[in-house]
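Data first, discussion second: the structure below is written as structure tokens.
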Amino acid sequence: MNSNPPSPLKKAFTKGLLKWNAGENSRLMPWKGEKDPYRIWISEIILQQTRVEQGLGYYKRFIKTFPDIRQLAAAPDEKVFKCWEGLGYYSRCRNLLATARFIARERDGRFPDSYETILSLKGIGPYTAAAISSFAFQLPHAVVDGNVYRVLSRYFGMDTPVDSTAGKKMFNRLAEELLDPKQPGLYNQAIMDFGAVVCRPAAPLCDSCVFRKKCIAFRDGLVSKLPVKAKKTRIRERWFSYTIPLYNNSLAVRRRTGKDIWQDLYEFPMIETKKKISPEKLVKAIAEKKWVDKKSVITCGKPLFFRQQLSHQLINGMFVELHLQQRPAGEPDWQWIKKKQLEKFSFPGLINQYLAQGIALPRDRR
DNA sequence: AATCCGGGGAC
DNA sequence: GTCCCAGGATT
């Protein structure tokens, strides 16, 4: 059964889901039942590709720090990124800030209340637009997230890859048909709760599931095979060699720009290479770039090594402290700061690993 | 249509 | 190690 399930099975799904929600669903989350579009928006952006347990603390901190859209819009970039530090997918934070400022300035702080307008905002795609418009404004749009792909592919026994164009179209159309247009928010919340609590990716609770007599995947023993994904993840390995320029109790940091990972986070001056290099080679490389004069290097600290595993990359980091006898004139994007100010900046986890070891520790502590 | 963008938890 | 998570933007 692929593409168009019989109508009675669809009816049974919606009815059974709402019944499960009313009777057995005891899942509680701070944004559940929330009607303030600002809070719903914040929660949905934080939860994009992020587990509820991981996002929960960030959500609470974010709402406490920025209680409404005006205060978010008025906040300096660094304060907002600091609130996002460690959560990943930093373009979410950048788009969040841009959208807050757009709404504050162009819409007098009023969050839009139509699906199309919400969808047009930066950082908001079909899922998030459906979530906000159904939860905050009771508009009939079905959410389609990882939970929905999993629940529908299993219940209806559909093996079309969910990460294919055909699969996305198929599941989106089906999701719209299944939605209860009279209570879209309740239905959307229910299907995601059901996917998270019962129809889980691993070890789903099939034996006690309300759909155990209807579910095609359960009937055919295909639960562990669904949903189907076509693409495999490939891991790329990279080597980042950082220098920590130290002069007169100050050190240099810079903001990451461009299209690479960790955009808008801060880092130390860094050279990327295709493979591991020595500290001597690193110093030589930055001298050739004229970031520092080789003669101004007093001491070159013992290198420290850390690694960070990302979803599609493995980052190897080498950290070398450079004690300088004069402050380099060159690089305009370097910011010279006191060590105490480090806590005001947001860094990738790799650099926070290094910072946790302390900067310029005495040699005998290494 | 493919690829990229993080970090953490479950297995 | 592998997979997945209340996805979206870019090319």
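Each chain gets a letter, A, B and so on, in the order its sequence line appears, and its residues count up from 1.
- Taking atom CG of A:L96 as the reference point, atom C1' of C:dG8 lies 13 Å away to the nearest angstrom.
- Here A:Y149 does not reach the OP1 or OP2 of C:dC4: none of its side-chain N or O atoms lies under 4.0 Å away.
- B:dC5 and C:dC4 are spaced 16 Å apart, taking the C1' atom of each and rounding to whole Å.
- For A:W31, no side-chain nitrogen or oxygen approaches OP1 or OP2 of C:dA6 to under 4.0 Å.
- Summarising the geometry, the separation between CD on A:Q313 and P on B:dG7 is reported as 10 Å, rounded to the nearest angstrom.
- Mapping A:R200 and A:L350 onto DNA chain B by nearest heavy atom places A:L350 closer to the 5' end of the strand.
- A:L310 has its CG atom 16 Å from the C1' atom of B:dG9, to the nearest Å.
- For the OP1/OP2 pair of C:dC5 and a distance below 4.0 Å, the side-chain nitrogens and oxygens of A:R150 include at least one atom meeting the criterion.
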Decide side-chain contact (heavy atoms from CB on, under 4.5 Å) for A:T257 and A:R254; before the verdict, give the C-alpha distance in whole Å, the side-chain angles of both, and the deciding distance to 0.1 Å. CA-CA 9 Å; A:T257 56; A:R254 62 179 297 279; 4.2 Å; yes

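- For the pair A:L119 CG and C:dG7 C1', the interatomic distance rounds to 12 Å; values are reported in whole Å.
- Ring pair A:F211/A:F13: centre-to-centre distance below 6.0 Å.
- Across C:dA6, B:dC11, C:dG7, the shortest atom-to-atom separation from the side chain of A:Y89 is found for C:dG7.
- A donor-acceptor pair shorter than 3.5 Å cannot be found between the side chains of A:Q189 and A:N25.
- Within 4.0 Å (heavy atoms only), A:T50 reaches at least one base atom of the nucleic acid.
- C:dC5 sits 12 Å from B:dG6 when the C1' atoms are compared, rounded to a whole Å.
- If you take atom C1' in C:dG8 and the same atom in B:dG9, they sit 23 Å apart, rounded to whole Å.
- Applying the 4.0 Å criterion to OP1 and OP2 of C:dG8, one finds that A:Q49 has every side-chain N and O outside that range.
- At a threshold of 4.0 angstrom between heavy atoms, the contacts of A:N188 with the nucleic acid are absent.
- The cationic atom of A:R92 (NZ for Lys, CZ for Arg) does not lie both less than 6.0 Å from the six-membered ring centre of A:Y89 and within 45° of the ring axis.
- Residue-to-nucleotide proximity on DNA chain C shows that, of A:I235 and A:M29, the 5′-proximal contact is made by A:I235.
- Residue side chain A:Q48 does not reach the base of C:dG8 through any donor-acceptor N/O pair under 3.5 Å, judged by distance alone.
- Looking at A:R51, its side chain comes within 3.5 Å of the base of C:dC4 through a donor and an acceptor atom.
- Remark: the A:Y127 side chain and the C:dG7 base include no donor-acceptor N/O pair separated by less than 3.5 Å.
- The CG-P distance, from A:D193 to C:dC5, rounds to 15 Å in whole Å.
- A:R200 and A:R150 make their closest contact through C-NE, 3.5 Å (heavy atoms, listed as atom of the first residue, atom of the second, distance).
- For the pair A:T128 and C:dG8, the criterion of a side-chain N or O lying under 4.0 Å from OP1 or OP2 is met.
- In this structure, the nucleotide among B:dC5, C:dA6, C:dC4 sitting nearest to the side chain of A:S311 is C:dC4.
- Rounded to whole Å, the distance from CD1 on A:I191 to C1' on C:dC5 is 16 Å.
- Between B:dG7, C:dG7, C:dT11, one nucleotide has an atom nearer to the side chain of A:K259 than all others, and that is C:dT11.
- Looking only at atom types and distance, the side chain of A:E85 has no donor-acceptor partner in the side chain of A:Y90 under 3.5 Å away.
- We find that CG of A:L265 is positioned 8 Å from P of B:dG6, with the value rounded to whole Å.
- Contact between the side-chain N/O atoms of A:Q54 and the OP1/OP2 oxygens of B:dG9 is not found at any separation under 4.0 Å.
- Across B:dC11 and C:dA6, the matching P atoms stand 14 Å from one another, rounded to whole Å.
- Residue A:G55 is out of contact with every strand shown, counting any heavy-atom pair closer than 4.0 Å.
- Among the heavy atoms of the strands, none lies under 4.0 Å from A:Q309.
- Within the 6.0 Å centre-distance limit, the rings of A:W31 and A:Y59 are counted as a close aromatic pair.
- Which of C:dA6, B:dT3, B:dG8 sits closest to the side chain of A:K231 comes down to B:dT3.
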Might you work through the salt bridge (Lys or Arg N to Asp or Glu O under 4.0 Å) test for A:E272 and A:R238, ending with a clear yes or no? CA-CA 7 Å; A:E272 181 176 2; A:R238 307 171 70 180; 2.8 Å; yes

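- For A:Q189 against C:dA6, a side-chain-to-base donor-acceptor contact under 3.5 Å is present.
- Nucleotides of DNA chain B nearest to A:L87 and A:A166 differ in position, and the one nearer the 5' end is that of A:A166.
- If you take CD of A:Q263 and C1' of C:dG8, they are 14 Å apart, rounded to a whole angstrom.
- Note on A:K229: a side-chain N or O is less than 4.0 Å away from OP1 or OP2 of C:dC5.
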